[in-house]
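To start, the structure itself, in structure tokens.
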Amino acid sequence: MRRVAVIGIVIAVVMAGGLAGVLAFWPSPTQAAPPGRAGAPAVMLGRCPTGALPLPAEAVARAAGQARIQAPALYRGFGPAVVELAWLAKFRLNVWAAAPFGCGSRARNRTVVVDLLFPKMLPSASLSQGVVFVSLFRTGYQVWDVAH
């Protein structure tokens with residue numbers, strides 16, 4: 001009888017550990033989504049975002065990280081990117097990329113503007129800079145437009 005109880009406890013511990021392991025690596029909705037993840041609906045570059053979720057408190061930092069991750073695929077040959085500045089689009093800084101982008105106030109309130117620097121492209125002022133719009137979707141943060 002004691003042997004059955006020990007085996008039952010061992011099985012319960014192993015199953016609980018497996019469940020904890022799965023949950024530890026399950027992506028949260030605020031985690032950056034890898035570009036091109038299988039099964040995830042693709043965000044159409046250059047189109048107004050549909051399905052963008054409200055931004056949580058840590059959105060600017062997470063969106064900046066996702067922009068840096070996606071930059072090599074968006075700017076081929078430019079090398080790794082450095083985030084220079086990121087801000088919520090609803091604040092409309094006096095920068096050309098913060099101009100209203102025609103997707104409405106809902107999209108603007110759910111978008112982070114990220115300015116990128118490509119050190120490999122210096123000293124060119126234009127080639128060394130990039131600007132992307134990032135929003136949070138069910139699959140995570142994704143760049144939905146390349147403004148420069």
Exercise for the section: Sort out for me which residue in L55, I69, V112 forms a side chain to side chain contact (heavy atoms under 4.5 Å, CB included) with Y141. Expected result: L55
Handout entry: Any side-chain heavy-atom pair of L53 and F137 under 4.5 Å
Key = no
Fill in the blank from the handout: Here the pair of heavy atoms bringing G130 nearest to Y75 is CA-OH, 3.5 Å
Exercise for the section: Of all the heavy-atom pairs spanning A89 and R108, show the shortest one and how long it is. Expected result: CB-O, 3.5 Å
Problem - Closest heavy-atom pair and its distance - V114, A67 - result: CG1-CB, 3.8 Å
Completion exercise
For F78 and L127, the nearest pair of non-hydrogen atoms, with its separation, is CE2-O, 3.3 Å
Practice task
Please confirm whether the backbone N or O of S105 pairs with a side-chain atom of K90, one donor and one acceptor, at under 3.5 Å?
Solution key: no
Completion exercise
For P80 and F118 the tightest heavy-atom approach is O-CD2, 3.9 Å
Problem - Qualifying residues under side-chain contact (heavy atoms from CB on, under 4.5 Å), relative to R68, sequence neighbours excluded - result: V83
Handout entry: Sequence-distant partners of L74, side-chain contact (heavy atoms from CB on, under 4.5 Å), two or more places apart
Key = L45, Q70, V132, V143, V146
Practice task
State, to 0.1 Å, how close A63 and V134 come at their nearest heavy-atom pair, and which atoms those are.
Solution key: CB-CG1, 3.7 Å
Handout entry: N/O donor-acceptor pair under 3.5 Å between S135 side chain and R110 backbone
Key = yes
Practice task
With sequence neighbours left out, write down each residue that passes side-chain contact (heavy atoms from CB on, under 4.5 Å) with P119, or none if nothing qualifies.
Solution key: V82, L117
